[in-house]
> 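Supplied in structure tokens, the structure appears directly below.
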Amino acid sequence: VIQPVLGRQLKASLTPYDAPPTLASPYPALLHFTGGGNIEISDLTLDFPSQMQVSGWYGDFWNTLLAAILVDGGAQDQARLALARVEVLARPCRKQVTLLSNVMAAVVFGGKRAWLPNPAVLTAAERLAGGSFSATGNYVRGTGIGFAVHDASAVEVRIANNDIQGTHKHAVSLFEVAGSRVRVVGNRIAGEGTVINNYRGFRNFVDPEQALPESRPSSFTIAHNIINFSAPGTAEFGPFGADPIVTVDWMGNRAQPMPGAGVDTWTIRGNDIVMEDKGRAITIIGDRGHALIAHNRIYGRDGAEGIIVESSSGTRTMRNAFIDFPAGSAHLRLGGFTQECRVVEPRSVVLDLGLNNSVIAAEVRTSP
């Protein structure tokens, strides 16, 4: 068991990411492995009590821990991280923009220098060149984010059979992962924010002057997870608000999509999603015929939405179950910029606002 010494601040660089970490100016992480490497951590508890203190960083903007475990590398590095039976226990922190936890992320794995934008020193992302991340049988409680994988190429990611409880922002965050295979399977998750998010091309979408992200596509499998979602979602927070599963390919969503776009396959299959509040259970944006959403069980309530497909073509959905949804509500919505989607939902209500879609459903509506 590792626990910070109470009454003494954990020291952090005031402006991490503008320079490599040093002993005098470390990054705000408890265990930091930088420049790649081969790391195995097992049978360990990292416990962060509410009295923990962290010196100000990010231009003295934050004073909570960025990560319990941080593994990063650059364009010349490969990193391998294997976690088994590790516990990360965080506590609430209700200060503004802390992700409501005294530990912003349990584990961060990926590229150097730009997991977060820095207002004091503007830095570009440096992509990790390759490696693997395996997390099996771990327990995470109360962090802002559970597992974050970002700015990496040619990595094998397997996040399986973990308990991730009480995350405030994301349980699993996948951000700019290119030319890789990612599997998120068999986890038990309870979260308030977007539970699993997968973004490709986001940096360029926000700042068109940045270099285009690497376009080698990745395959993503999100399967057989049990997800309890307990916060107001998109209906409260806008088009990319907090929802159980959100996967967006801005590279495929461009006016002229990049060849191959950013995704080879999206498979979202066999998940149990319990909606305790408003929000969209599964959101797909920017798909170009690579997404399959099948055999998920979605438990709704008043104000909840099931599956949303926006700005996509060729998306497939098949035999999902929508349970406890209010009578008369649409279970699946194809947005106005969708086309050529294939929907087989014989027991469900589909709102089809798109073009030339093939829909089999108990009821098909074409207007709100």
Side-chain angles (χ1 to χ4, degrees), residues 46 67-69 83-92 99-101 103-109 133-150 157-175 177 182-199 220-234 237 240-248 266-284 293 295-301 304-307 320-321 323-324:
L46 302 177
I69 300 170
L83 300 178
R85 301 177 303 281
V86 172
E87 291 184 329
V88 178
L89 309 177
R91 304 300 192 279
L99 304 190
L100 304 181
S101 173
V103 180
M104 296 176 70
V107 180
V108 177
F109 175 88
F133 172 42
S134 171
T136 306
N138 303 288
Y139 178 67
V140 175
R141 187 190 69 203
T143 57
I145 296 172
F147 301 111
V149 182
H150 71 101
V157 177
R158 185 173 185 268
I159 299 171
N161 302 316
N162 302 283
D163 277 324
I164 309 172
Q165 302 295 315
T167 51
H168 301 289
K169 183 64 175 176
H170 309 299
V172 177
S173 179
L174 308 169
F175 187 83
V177 180
V182 179
R183 290 170 290 170
V184 181
V185 296
N187 300 283
R188 294 161 296 281
I189 302 171
E192 296 179 355
T194 299
V195 177
I196 301 173
N197 79 291
N198 174 24
Y199 293 161
F220 301 91
T221 299
I222 300 170
H224 307 297
N225 301 284
I226 299 174
I227 298 172
N228 285 275
F229 174 73
S230 59
T234 297
F237 293 117
F240 305 111
D243 290 311
I245 298 176
V246 177
T247 182
V248 185
W266 279 329
T267 302
I268 302 174
R269 178 190 291 273
N271 300 283
D272 282 357
I273 302 174
V274 179
M275 306 280 290
E276 297 180 15
D277 213 315
K278 299 176 182 178
R280 302 169 170 180
I282 299 173
T283 300
I284 297 284
I293 309 166
H295 302 289
N296 299 282
R297 291 169 295 277
I298 301 171
Y299 299 80
R301 54 165 294 173
E305 296 184 87
I307 298 172
N320 298 277
I323 302 165
D324 296 334

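For the numbers below, each heavy atom of this structure counts, side chains included, while hydrogens, waters and symmetry mates do not. Throughout, numbering of the chain's residues begins at 1 and tracks the sequence. None of the values given here were measured: they were computed from a predicted structure.
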> Can you tell if the side chain of W266 reaches within under 4.5 Å of the side chain of I293, non-hydrogen atoms only?
no
> How many angstroms lie between CG in N320 and CG in N296, if you round to the nearest 0.5 Å?
5.0 Å
> Can you find a pair of side-chain heavy atoms, one from I164 and one from V172, that are under 4.5 Å apart?
yes
> State, with a plain yes or no, whether a side-chain heavy atom of I69 is found less than 4.5 Å away from one of L46.
yes
> Return the set of residues passing salt bridge (Lys or Arg N to Asp or Glu O under 4.0 Å) with R158 (not counting sequence neighbours), or none when no residue passes.
none
> Of all the heavy-atom pairs spanning N197 and T194, show the shortest one and how long it is.
CB-CG2, 3.8 Å
> Report the residue from I245, V246, I307, I268 that forms a side-chain contact (heavy atoms from CB on, under 4.5 Å) with I284.
I268
> Quick check: do I227 and I196 have side-chain heavy atoms less than 4.5 Å from each other?
yes
> Taking all atoms of both residues into account, what is the closest heavy-atom pair of S101 and A90, and its distance?
OG-CB, 3.5 Å
> Can you label the angle between the F175 ring and the Y199 ring as parallel, tilted or perpendicular, going by 30° and 60°?
perpendicular
> Which atom names give the shortest non-hydrogen contact between F133 and V149, and what distance separates them?
CD2-CG2, 3.6 Å
> Between H168 and E192, what is the shortest heavy-atom contact and its length?
ND1-OE1, 3.1 Å
> Quick one: does any side-chain atom of Q165 pair with a main-chain N or O of Y139 as donor and acceptor, under 3.5 Å?
no
> Within the side chain of T167, is there an N or O that forms a donor-acceptor pair under 3.5 Å with the backbone of K169?
no
> In Å and rounded to the nearest 0.5 Å, what is the CG to OG1 distance from N198 to T247?
4.0 Å
> With a 4.5 Å limit on heavy-atom distance, are the side chains of I159 and N187 in contact?
yes
> Checking N138 side chain against E87 main chain: does a donor-acceptor pair fall under 3.5 Å?
no
> CG of N161 to CZ of R188: how many Å apart, nearest 0.5 Å?
6.0 Å
> Please examine the side chains of F147 and N162, heavy atoms only from C-beta on, and report whether any two atoms are closer than 4.5 Å.
yes
> With R301, which residues qualify under salt bridge (Lys or Arg N to Asp or Glu O under 4.0 Å), at least two apart?
none
> Rounded to the nearest 0.5 Å, what's the gap from NE2 on H224 to CZ on R183? Could you check?
12.5 Å
> Check I298 against I282 and note the closest heavy-atom contact, atom names and distance.
CD1-CD1, 4.3 Å
> Nearest 0.5 Å, what's the CD1-CG distance between I226 and D272?
5.5 Å
> Any idea which heavy atoms bring R91 and L89 closest together, and the distance?
NH1-O, 3.4 Å
